[in-house]
Amino acid sequence: MPAPDRSGQAGRDWEIDESCIDCDVARQLAPQTVVRLGSRSVLARQPSDAREHRALERAAAACPVRAIRRGPGRIGEAPFPMRIEGEVHLCGHNSARTFGANAYLVRRPEGNLLVDTPRWTSSLAASYERLGGIAHILLTHRDHTAHARRFAEHFGSRVWIHEGDADAAPYADTVLRGTGPTEVLPGVTALPVPGHTRGSTVYVVDERYCFTGDTLYWSRTARDLEVFETVLWYSRPELIDSLLRLARRTRFAWVLPGHGDRCHRPAEELHERLLDLVARMRRRSPRPLDIGAVEW
């Protein structure tokens, strides 16, 4: 890992202050210049070209605690939503109320989807109006419900959540039950995966994109699929069962989590990696709850 750029931290140009909550968002969006040091993000160096400046602009707009600034200069308008592939976009504008969780916009002819939500602002809502509004809000679990009511009321969206976490979104008009799959729209399936929370749910779109909430992510440390084992709020045994059930029911080429890195691999490779993850979890001992021990 490069040594942190202390001069940049001092405010000469770009800087990341000590309010950083270690949510990993900046490191995902600007990996060339932002690294982890202890329990926070720091600048490894100042950006060297326009592309790296643009990445830091995105990171600044996404940072849930506004810890990223550019000296006396004005930060440009970040290009969010940011296209990931096709009509799948990263929302940015992450919220401190969800510990900086990522949210996603999926544009569909039948009506656009939000998977979890960014922080609410009227200007952000207006930008979604220009894209056709939001027909459905798909909540992955209770930790990511903070702004869903505001978006739902503004757009008249249908809100989906599982019964296990429904008390966190009493305004939801569609409550998923049990562990069986439910069709949200043609090509969009809700798959309950209790484990991280009682009501955790993943959403699979077009058998290609799997929006995993806090159930599953790509770990840069392990260079593999992983779970947030030190922040399991409900049941580790049920999570193992859920992951195996997910592997048996569907295939996907993208893992798009709320926390942790995204990844794109051939569907069969991700299927094998998911089965390997289940096997690893069965072999290793449970770990104590410790949010600071997450292996990003």
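Note that this is a predicted model, so its numbers are computed, not measured.
- You'll find the side chain of Val255 stays beyond 4.5 Å of the side chain of His264, heavy atoms only.
- The main-chain N or O of Cys91 is never found under 3.5 Å from a side-chain atom of His89 such that the two would form a donor-acceptor pair.
- Using a distance-only test at 3.5 Å, with no hydrogens or angles considered, a donor-acceptor pair links the side chain of Ser242 to the main chain of Glu238.
- Between His93 and Trp120, the gap from one ring centroid to the other reaches at least 6.0 Å.
- Closest heavy-atom contact between Gly92 and Pro118: O-CB, 3.4 Å.
- Ion pairing between a basic and an acidic side chain is recognised when a charged N comes within 4.0 Å of a carboxylate O; Arg36 and Asp24 show no such pairing.
- Other residues, nucleotides and ligands contribute over 12 non-hydrogen atoms within 6.0 Å of the CD atom of Glu183.
- Checked for salt-bridge contact, Glu52 and Arg45 meet the test: a charged N lies under 4.0 Å from a carboxylate O.
- Considering only heavy atoms from C-beta on, Leu37 comes within 4.5 Å of Val42 through its side chain.
- In this structure, Arg265 satisfies the cation-pi test against Trp218, with its NZ or CZ atom closer than 6.0 Å to the six-membered ring centre and inside 45 degrees of the ring normal.
- Here the closest heavy-atom approach between residue Thr117 and residue Ala148 is recorded as OG1-N, 3.8 Å.
- In this structure, the side chains of Leu90 and Leu29 come closer than 4.5 Å at one or more pairs of heavy atoms.
- Between Glu295 and Arg220 there is no salt bridge, since no side-chain N of the basic residue sits under 4.0 Å from a carboxylate O of the acidic one.
- Of all the heavy atoms in Ala96 and Pro64, the pair that sits closest is N-CB, 3.4 Å.
- By the ring pair (Phe, Tyr, Trp, His ring centres under 6.0 Å) test, Tyr234 is found to be paired with no residue, residues two or more places apart in sequence or in another chain being considered.
- For Arg273, the salt bridge (Lys or Arg N to Asp or Glu O under 4.0 Å) partners at least two apart in sequence or on another chain are Asp224, Glu269.
- For the pair Arg262 (side chain) and Gln28 (backbone), a donor-acceptor distance under 3.5 Å is absent.
- Not a single ring pair (Phe, Tyr, Trp, His ring centres under 6.0 Å) links Phe252 to another residue, sequence neighbours left out.
- Tyr203 meets the ring pair (Phe, Tyr, Trp, His ring centres under 6.0 Å) test with no other residue; sequence neighbours excluded.
- Here the side chains of Leu56 and Leu43 are in contact, with some heavy-atom distance below 4.5 Å.
- Between the side chain of Tyr104 and the backbone N or O of Pro257, at least one donor-acceptor pair lies under 3.5 Å.
- Residue pairs meeting the salt bridge (charged side-chain N to carboxylate O under 4.0 Å, His left out) criterion with at least one partner in residues 187-215, sequence neighbours excluded, are Glu85-Arg208, Arg108-Asp206.
- With hydrogens and angles disregarded, a donor-acceptor distance shorter than 3.5 Å links the side chain of Arg83 to the backbone of Gly86.
- The CD1 atom of Ile137 sits 11.0 Å away from the OG1 atom of Thr174 when rounded to the nearest 0.5 Å.
- Judged by distance alone, with hydrogens and angles left aside, the side-chain atoms of Thr230 form a donor-acceptor pair with the main-chain N or O of Asp290 at under 3.5 Å.
- At least one donor-acceptor pair under 3.5 Å links the side chain of Gln46 to the backbone N or O of Trp14.
- A salt bridge is defined here as a Lys NZ or Arg NE, NH1 or NH2 lying under 4.0 Å from an Asp or Glu carboxylate O, and Asp22 with Arg27 meets this definition.
- Within the 3.5 Å criterion, the main-chain N or O of Thr215 finds no donor-acceptor partner in the side chain of Thr212.
- Side-chain polar atoms of His154 and Glu129 form a donor-acceptor pair below 3.5 angstrom.
- Checked by atom type and distance alone, the side chain of His136 never pairs as donor or acceptor with a backbone atom of Asn112 at under 3.5 Å.
- At a threshold of 4.5 Å between non-hydrogen side-chain atoms, the residues Leu114 and Leu138 do not count as touching.
- The heavy-atom pair separating Pro181 from Thr189 by the smallest distance is CB-CG2, 3.8 Å.
- Side-chain contact check for Asp116 and Asn102: no donor-acceptor pair (N or O, by modelled atom type) lies under 3.5 Å.
- Using a 4.0 Å cut-off between a side-chain N of Lys or Arg and a carboxylate O of Asp or Glu, Arg284 and Glu226 qualify as a salt bridge.
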Tell me, with the steps shown, if Asp165 and Thr197 meet side chain to side chain donor-acceptor pair (under 3.5 Å).
CA-CA 8 Å; Asp165 287 357; Thr197 64; 2.7 Å; yes

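- A heavy-atom distance below 4.5 Å is found between the side chains of Tyr171 and Val159.
- Put simply, the side chain of Arg158 never gets that close to the backbone of Ala152: no donor and acceptor are under 3.5 Å apart.
- Using a 30° and 60° split on the angle between ring planes, Phe228 and Trp296 fall in the perpendicular class, above 60°.
- You'll find the side chain of Arg282 reaches within 4.5 Å of the side chain of Leu244, heavy atoms only.
- What you find for Thr145 and Ala168 is that their closest heavy atoms are OG1-O, 3.4 Å.
- At least one side-chain heavy atom of Arg251 sits under 4.5 Å from a side-chain heavy atom of Glu268.
- Shortest non-hydrogen contact noted between Gly100 and Val25 is O-CG2, 3.2 Å.
- Among residues two or more places apart in sequence or in another chain, the ring pair (Phe, Tyr, Trp, His ring centres under 6.0 Å) test is passed with His144 by His141, His259.
- One finds no salt bridge joining Arg287 and Glu229 here, because no Lys/Arg side-chain nitrogen approaches an Asp/Glu carboxylate oxygen to under 4.0 Å.
- Between the side chains of Ser127 and Arg130, no donor-acceptor pair of N or O atoms lies under 3.5 Å.
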